[in-house]
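I have placed the structure first, in the form of structure tokens, so that the comments after it can refer back to it.
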Amino acid sequence: MRLYNTLTRQEEEFAPLRDETVRMYTCGLTVYARGHIGNFRTFVALDVLRRALEYVAGFRIRQVMNFTDVDDRTIAESRAAGVPLREYTDQYIAAFREDAATLGLEPVEDYPRATDEENLRSMVEMIQALEANGHTYTSDGSIYFKIATLPDYGKLARLDHEGIKPGARIDADRYAKDDARDFVLWKATASDEPTWDFGVGPGRPGWHIECSAMALRLLDGAPIDIHAGGVDLVFPHHENEIAQAEGATGETFSRFWVHVEHLLFGEGVKMSKSLGNVFSVQDVLERGYRASALRYVLLSVHYRKQLRFTWGSLDQAEEALKRLIGCLARLEGIAGGADGQGGQAHPALADRVETARRDFAEKIEQDLNVPGALGVMFELVRHVNTALDDGELGPPDAAVVKTAFDGFDQVLGVMALRRAEDATPAVPVDEIERLIGERRAARARRDFAAADAIRDDLVARGVILEDTPAGTRWSLK
RNA sequence: GGCGCCGUCGCCAAGUGGUAAGGCAGAGGUCUGCAAAACCUCCAUCCCCGGUUCAAAUCCGGGCGGCGCCUCCA
């Protein structure tokens, strides 16, 4: 598996350090609001990374994704809502889980929250280690990281001191800092804010410390294999995570850094809560699009390129997906078909399938070239459809092809999602089947008006009927 | 002002030195009670200008355009 590593700005061969198990930390949401589809672009891309490492490269996975449930925003919003912080963030964690399931994200092994006591304690321990190593100073009760004490500070983002934008609002804190880029580790809190006191004085954690501490605590120490997140986290968040973890332990924090590019909305500005141009997964669903189409869109651009999202892209994805699912449905009709006339396998097709499997894996192993892999899959779709049209594809072939598609979807996770959606149609399945039976009878007595009425009625209720040589097939709009 | 990424058919998007994958849309055809699906055929020389090379969308230089980071942010 080759992966682009932000640390070296190069593609490198990846393998886990220990036990064939990938120890991966993924920055999750700050839960002051529902995540938007830009956030989920990252999460879907990292889900594909996880699946590729698991099903293509064959590694075991131990992945941690955090929830930042304490910061200026969460505190401010929960206070505005008149709800305790924990209770306030609970609802957005629940929303995340719902959206993640809707998009078919594989659950990761651990979803720690910053405010869980064992996590706060490990943050305090890390701060104490940093103090012991001389990387900190205190100002107005807050503890800061002094970047001047770490010679290779900036190695990830590659920003030098002169790169700081003149006039930028670099000193947002009320507290005095020695250097504009010094950052807070533990923030002395106002009296009416949540406060914890586990050894470095009363206060709350700075944003960056939680990830360093939780990654090392939950992934058995440095170095972890992969640390990932959206590109906007490169600086300052990930740079500061490195400073904290390496300043405290003296060891490399993470071997690989993977960053997912932004999703841009419409004419091309990033989707972000602060810009107010956000749409959630639920918003997309409410506009009548399917989650599977959204996942497809999110998948269809390489993860290191900006993805320009438009509503039209969902329409295109929907059509592409129908082509894919249509082929699968035909295949299953053959595989389970009573009219299967037996066991002649087609070596030419078997070769095609084998080639496609190999090419697909090759694309994925090349820094997750999902669009390229989709191309491979669609070429196979065409060949399979042709064989199907010519009646040259029997049950044994169908099974082989079906297995290949299942393999593709272990990585893509989009067909299974589609299937799950179709499993719960608005019209009960037995009613659909009864109506198909009635229509068949109408057609048999050449009462096409009645037959068409049944079909039209079902279309109006979101169910599409298609007549094939093997019988009538239904699918959801 | 500093750093970085990107610019491929009407739309989306792979390809990064050997002569342009795939999806959507479109045109014509086959099949079909109709419809749909499917299949076949057609549909680009890669933002511009220079350069390197036997050979460049792919490398180098210069433009033009877009976006991101430098500040909370996936």
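These numbers come from the heavy atoms of this one structure, side chains and all, not from hydrogens, waters or symmetry mates. Chain letters run A, B, ... following the sequence lines, proteins first and then strands; every chain starts at 1.
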At under 4.0 Å, does any side-chain N or O of A:T468 touch on OP1 or OP2 of B:A36?
-> no
Can you figure out which of B:G23, B:A21, B:A14 approaches the side chain of A:V301 most closely?
-> B:A14
If you measure from the C1' atom in B:G22 to the same atom in B:C9, how many Å do you get, rounded?
-> 13 Å
Can A:D457 and A:R439 be counted as an ion pair, charged N to O under 4.0 angstrom?
-> no
Check the distance between B:G7's C1' and A:H302's NE2 and give it to me in whole angstrom.
-> 17 Å
Which part of the nucleic acid, if any, lies within reach of A:F448 when heavy atoms closer than 4.0 Å are counted: base, sugar-phosphate only, or nothing?
-> base
Main-chain N/O of A:L412 paired with A:R295 side-chain donor or acceptor, under 3.5 Å | yes
Can you tell me, in whole Å, how much space there is between the P of B:C43 and that of B:A20?
-> 13 Å
Between A:H238 and A:H259: side-chain donor-acceptor atoms closer than 3.5 Å = yes
Start at the 5' end of RNA chain B and walk down; is the nucleotide closest to A:K322 or to A:E261 reached first?
-> A:K322
Does B:C39 have a Watson-Crick or wobble mate here (both distances under 3.5 Å), and if so which one?
-> B:G29
Shortest side-chain distance from A:P371, nucleotide among B:A38, B:A36, B:A13 | B:A13
Cation over ring face, A:R287 and A:W311, 6.0 Å, 45° | yes
As its Watson-Crick or G-U partner within any shown strand, both distances under 3.5 Å, B:U16 has none
Below 4.0 Å: OP1/OP2 of B:A37 and any side-chain N or O of A:R473 = no
Hits for side chain to side chain contact (heavy atoms under 4.5 Å, CB included) against A:R330, two or more places apart or cross-chain, chain-then-number order -> A:N385, A:L388, A:D389, A:R473
Closest nucleotide among B:C69, B:C34, B:A38 to the A:R443 side chain | B:C34
A:N369 side chain near B:G15 phosphate (N/O to OP1/OP2, under 4.0 Å) = yes
Among the nucleotides B:A74, B:G22, B:A38, which one has an atom lying closest to any side-chain atom of A:D389?
-> B:A38
What is the nucleic acid contact for A:V260, judged by heavy atoms within less than 4.0 Å: base, sugar-phosphate only, or nothing?
-> nothing
Report which part of the nucleic acid A:G28 touches: base, sugar-phosphate, or nothing (heavy-atom distance under 4.0 Å, all strands).
-> sugar-phosphate
Counting Watson-Crick and G-U wobble pairs only, both distances under 3.5 Å, name the nucleotide matched with B:G65, or none.
-> B:C6
May I have the distance from A:F378 (atom CZ) to B:A37 (atom P), rounded to whole angstrom?
-> 15 Å
Side chain of A:K305 only, please: which of B:G7, B:C69, B:C34 is the nearest?
-> B:G7
Mapping A:D315 and A:A449 onto RNA chain B by nearest heavy atom, which one lands closer to the 5' end?
-> A:D315
Closest listed nucleotide, where the reference is the side chain of A:L264 and the choices are B:C67, B:C39, B:C34 | B:C67
At under 4.0 Å between heavy atoms, what does A:T386 touch on the DNA or RNA strands: base, sugar-phosphate, or nothing?
-> sugar-phosphate
Distance between the P atoms of B:G28 and B:G62, in whole angstroms?
-> 49 Å
Across the strands shown, which category fits A:L388 at heavy-atom distances under 4.0 angstrom: base, sugar-phosphate, nothing?
-> nothing
For B:G50, the Watson-Crick or wobble counterpart (both distances under 3.5 Å) = B:C60
Tell me which donor-acceptor pairs under 3.5 Å the side chains of residues 366-376 of chain A have, and how far apart each pair is, sequence neighbours excluded?
{"from": "A:Q366", "atom 1": "NE2", "to": "A:E11", "atom 2": "OE1", "distance (Å)": "2.6"}
{"from": "A:D367", "atom 1": "OD1", "to": "A:Y4", "atom 2": "N", "distance (Å)": "3.0"}
{"from": "A:D367", "atom 1": "OD1", "to": "A:Y303", "atom 2": "OH", "distance (Å)": "2.7"}
{"from": "A:D367", "atom 1": "OD2", "to": "A:R304", "atom 2": "NE", "distance (Å)": "2.9"}
{"from": "A:D367", "atom 1": "OD2", "to": "A:R304", "atom 2": "NH2", "distance (Å)": "3.0"}
{"from": "A:N369", "atom 1": "OD1", "to": "A:G372", "atom 2": "N", "distance (Å)": "2.9"}

Assign A:R439 to base, sugar-phosphate, or nothing according to its heavy-atom contacts below 4.0 angstrom with the strands shown.
-> base
Does any N or O donor sit under 3.5 Å from an N or O acceptor when you compare the side chain of A:Q316 with the base of B:G23?
-> yes
Name the nucleic acid region contacted by A:V370, choosing base, sugar-phosphate or nothing; use a 4.0 angstrom heavy-atom cut-off, strictly under.
-> nothing
Quote, to the nearest angstrom, the C1' distance that separates B:A38 from B:C6.
-> 38 Å
Base, sugar-phosphate alone, or nothing: which one does A:M377 contact when heavy atoms must sit under 4.0 Å apart?
-> nothing
Both distances under 3.5 Å, Watson-Crick or G-U wobble: report the partner of B:G1, or none.
-> B:C70
Per A:Q306 side chain, nearest of listed nucleotides B:A74, B:A35, B:G68 = B:G68
Inter-nucleotide P distance (B:A57, B:U19), Å rounded | 11 Å
Do A:N5 and A:Q10 have side-chain N/O donor and acceptor atoms under 3.5 Å apart?
-> no
Classify the side-chain pair A:H237/A:E241 by whether it contains a donor and acceptor separated by less than 3.5 Å.
-> yes
Which is true for A:D390 with a 4.0 Å heavy-atom rule: it touches a base, it touches only sugar-phosphate, or it touches nothing?
-> nothing
From B:A36, B:A21, B:A74, nucleotide with atom closest to A:H36 side chain = B:A74
Between the side chains of A:T195 and A:T189, is a donor N or O closer than 3.5 angstrom to an acceptor N or O?
-> yes
Select base, sugar-phosphate, or nothing to describe what A:R330 touches, counting heavy atoms under 4.0 Å on all strands.
-> sugar-phosphate
By the Watson-Crick or G-U definition, both distances under 3.5 Å, B:C34 is matched with none
For atom C1', what is the distance between B:A27 and B:U45, given to the nearest Å?
-> 22 Å
Options B:A74, B:G22, B:C34, nucleotide nearest the side-chain atoms of A:R382 = B:G22
Going by modelled atom types, is there a donor-acceptor pair between the base of B:A74 and the side chain of A:R41 at under 3.5 Å?
-> no
Between B:U16 and B:A74, how far is it from one C1' atom to the other, in whole Å?
-> 28 Å
Indicate whether OP1 or OP2 belonging to B:G23 is found under 4.0 Å from a side-chain N or O atom of A:R323.
-> yes
How far does the P atom of B:A56 sit from the matching atom of B:C49, given to the nearest Å?
-> 15 Å
Classify the nucleic acid contact of A:L263 as base, sugar-phosphate or nothing, counting any heavy atom under 4.0 Å across all strands shown.
-> base
Would you indicate which nucleotide in B:C69, B:C67, B:G33 comes nearest to any side-chain atom of A:H262?
-> B:C69
For A:G38, answer base if it contacts any base atom (sugar-phosphate contacts may also be present), sugar-phosphate if it contacts only those atoms, and nothing otherwise; contact means non-hydrogen atoms under 4.0 Å.
-> base
